[in-house]
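Throughout, numbering of the chain's residues begins at 1 and tracks the sequence.
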Amino acid sequence: MSAVTQGPSAAAGALTGLARALVQQGRLRPDRAEALARKATQSNTLFVDELAGIAETIGLSGNAIARFAAETFGHPLFDLAAIDVDQLPKDTIDKKLVTSLRVLALRKRGNRLAVGVSDPTNYQALDQIKFQTQLALDIIVVEHDKLVRLIEATTQSASQSLERLIDDDVSFEDLLAESPEKEEESGSADVDDAPVVRFLQKLLLDAIGDGASDLHFEPYEKFYRIRFRVDGILREVAQPPLAIRERLVTRIKVISRLDISEKRVPQDGRMKLALTGQRAIDFRVSTLPTLYGEKIVMRILDPAQAKMGIESLGYEPDQREALVNAIQRPYGMVLVTGPTGSGKTVSLYTCLNMLNQPGVNISTAEDPAEIQLAGVNQVNVNDKAGLTFANAMRAFLRQDPDIIMVGEIRDLETADIAIKAAQTGHMVMSTLHTNDAPSTLTRMANMGVPSFNIASSVILITAQRLARRLCTCKQPAELPPEALLAAGFAEADLDGSWQPFRPVGCDRCKGSGYKGRVGIYEVMPISEEIQRLILRNASSMDIAAQGKREGVRFLRMSGLWKVRQGVTSVDEVLGCTND
C-alpha cells in the first residue's frame, strides 16, 4: 500500500502546479500527466489546454476540473455563463496575452483586477499580466472550455486581419440580406465576397455595441480608415488594407440599393441589419466621391430610440409638461431647433410615438424618413421627381390628417403651407436649423412669413443640444467659486448643497470619462406677451428677455442644471452651449 502511495508522489515530484495536484489526489495517472505536460511544452500550449482535450475520456468534466482547482488552491469559482460580456473591462489586458495565456479580465475596481483563469497555478502568466497592467490580481477559477469561447468572442474585433478572413472558407449566413431582389443583386462573383461580408457585418455589430451614431469609411492615398462617432466624438477603429477598398464600397452599395457603376456623383440609400427576429437596425447610407475613392458615411437609425419614452430624453419635469401639453393640442405648430446631430429627429419621433393612436391620422414628409414607425404614413421627398416638402404638404391636406410632421422647413413655400395647416385645425411639427428658440421666430420672419401668421400658429419652440454623460468613474471636481460664477451659476446656487463632477476614464468608457449622451433643452411656450412682441417685429434678444421673465431656462442654464445633478461636467456644458 505504501509503495502504491509513494508512486504517485514520486512521479508528481517532476510535475508542478495543477498537474502535480491532480496526480497527488489520484485524479490523474502520473504517466498521463507527464505525457500531457510534455506535449504542452513541445506544442507551446498550456497544460490545461491539453488536459481539456482528453478530459471527458478520463472521466473529468470541465466543471470537475474547475471545482478541483478552486478547492485545492483556495480561489473562488465562477460560472462564465452568467457573465454580461458588455460589462467586461475592455483593453485592460493586451489581447495577445489574453489569447496566449488564457487569462480574461472580469472586473476592475481601483487598483485591483479580477481575472478568470482555468489554471490558477500558471504563475508565470499571472506575473506577466500583473507586470503589464500594474494592478493587483484577484484570481477567479472558471471552466476552461467556457473561458476559451469567451476569449475568442471578446478578442475578435473589426480590425482583425482581412488576410485571415480571406483564408477562412467557413460559410455563414449573411445577416444583411433584406429581400430576394437584393440576393439576386449580390449573387455576382464581384460582390458576393464572404470575407468582405463578414468584415462589414462585424463592423456594424461593433458600432451598434459601442453605441455609435455614424460609421465613416474614408479612402486616402496611402491608407484606408474606418471611424465610429461615439457620443459625438470620432475615433478610429480599423485600417484595413487598401486592396479591399473597392470591394467594401461595392458591398455597401449593393445592400443599400445604390448604383455600383456610378462613382462620379454622391448617392443616398439605406439598408437594414437584422439583430434578432424582433429587432432590426436601419442605416442611412451616403456616398461622396473624393480624390482617392468614394467616402461612405452610414448613420445608425435605431427605431427603439423613438419608443424609449419622453422621460429618457433628458427633459426636466416642467419642460416635459410644457411640451406634452403643446403636442396634445388639436392644432398649432411645434418647432424643434438645433444643429445637425443634436437629436431633433429622436425628439420629434418620440412625440409622434406618443400621439400614434388608432384614432389618429399621422402623415410625415422627410428627406429621407429616418425612423420607421408602424401606424404613421411616411413619405420620402424627391425633388428630382417633383415631390418637394411643399407638394407633400399639399397632398397631406387632402388626406384628412390630424397630425403632420415636416422634416424641415427650408423655404417660404413650405413654411406658408405648414402655417396654414396649423391654422386650419391640424397639429404641425417640424424642425429648423437655428441656434435657440427666440432666433427661430426671427428666422421665420426673415424667410418672409408674415408676423401675424407666426404669432397665430406657433405655440411652442424647443431648442436642444446633446451633451456627453459622465461615466460612473466620475470623481468630484474641486472648482473655485469664481469658475462656477463665470460658467453662469448664480451666487445663490453656490450653497454647498451639490457637488460638480469631472471625467476620469475607465474601461467602460474607454478612457474618455463619458458614456452616452443626454439632451439639454430650451422649451419656450409662445405666451400672449411673446405674441405681441412677434407682431411688433421685436428682435430675438427682446423675445429672449421676455422668455426669461416667464421662467424659460435657456440652453446654458439647462446645461448647468445637469451639472448640479451630476449628469455631466461644467466643461461639457460650456462646450455645447452659448451664453
Side-chain angles (χ1 to χ4, degrees), residues 319 322-323 326-327 331-348 351 364-367 381 383 388-390 392-393 404-423 426-466 519-550 552-559 576-579:
Q319 296 176 330
L323 178 60
I327 64 174
Y331 57 87
M333 179 182 287
V334 173
L335 296 173
V336 180
T337 74
T340 302
S342 61
K344 300 188 299 297
T345 300
V346 172
S347 294
L348 277 177
C351 293
T364 73
E366 304 164 76
D367 184 21
V381 301
D383 290 336
T388 62
F389 280 119
M393 290 281 292
I404 297 173
M405 194 271 272
V406 188
E408 183 183 352
I409 294 179
R410 296 176 178 172
D411 51 48
L412 176 59
E413 186 181 16
T414 305
D416 188 50
I417 299 173
I419 283 175
K420 287 178 180 176
Q423 292 173 335
H426 306 90
M427 168 54 63
V428 179
M429 290 184 279
S430 187
T431 69
L432 273 173
H433 287 282
T434 56
N435 290 326
D436 53 33
S439 63
T440 303
L441 298 169
T442 55
R443 167 76 188 281
M444 293 185 73
N446 291 337
M447 290 171 64
V449 180
S451 57
F452 61 86
N453 276 342
I454 300 173
S456 62
S457 59
V458 179
I459 59 176
L460 181 138
I461 302 172
T462 173
Q464 63 184 76
R465 300 288 189 277
L466 288 178
I520 295 176
Y521 300 95
E522 173 181 301
V523 179
M524 189 177 77
I526 306 302
S527 64
E528 290 184 3
E529 187 57 39
I530 293 179
Q531 286 179 333
R532 293 190 187 97
L533 291 173
I534 296 171
L535 290 171
R536 294 201 299 263
N537 293 317
S539 68
S540 60
M541 292 194 304
D542 293 333
I543 296 172
Q546 179 59 31
K548 188 173 183 180
R549 284 192 292 270
E550 295 177 2
V552 175
R553 279 195 306 278
F554 293 102
L555 287 170
R556 172 61 62 85
M557 294 309 300
S558 294
C576 67
T577 63
N578 297 320
D579 290 329

Undergrad: Is a side-chain donor or acceptor of Glu522 paired with a backbone partner of Ala437 at a separation under 3.5 angstrom?
TA: yes
Undergrad: Report the residues that fulfil side chain to side chain donor-acceptor pair (under 3.5 Å) with Asp367, sequence neighbours left out, ordered by chain and then residue number.
TA: Arg410
Undergrad: Backbone N or O of Gly343 within a donor-acceptor pair of the Gln464 side chain at under 3.5 Å?
TA: yes
Undergrad: Could you give me the CA-CA distance, side-chain angles and deciding distance for Thr434 and Thr440, then say whether side chain to side chain donor-acceptor pair (under 3.5 Å) is met?
TA: CA-CA 6 Å; Thr434 56; Thr440 303; 2.7 Å; yes
Undergrad: With a 4.5 Å cut-off on side-chain heavy atoms, are Met393 and Lys420 touching?
TA: no
Undergrad: Using side-chain heavy atoms (C-beta onward) and a distance below 4.5 Å, is Leu441 in contact with Leu533?
TA: no
Undergrad: Can you confirm whether the side chains of Ser558 and Gln319 place a donor and an acceptor under 3.5 Å from each other?
TA: yes
Undergrad: Using atom types as modelled and distance alone, determine if a side-chain donor or acceptor of Ser430 lies under 3.5 Å from a backbone N or O of Val406.
TA: yes
Undergrad: Residues two or more places apart in sequence or in another chain: which of them pass ring pair (Phe, Tyr, Trp, His ring centres under 6.0 Å) with Tyr521?
TA: Tyr315
Undergrad: For Glu550, what residues pass the side chain to side chain donor-acceptor pair (under 3.5 Å) criterion, not counting sequence neighbours?
TA: Ser527, Gln546
Undergrad: Got a donor-acceptor contact below 3.5 angstrom from the Gln531 side chain to the Ala455 backbone?
TA: yes
Undergrad: Ignoring hydrogens and angles, tell me if any N or O in the side chain of Thr431 forms a donor-acceptor pair with the backbone of Gly407 under 3.5 Å.
TA: yes
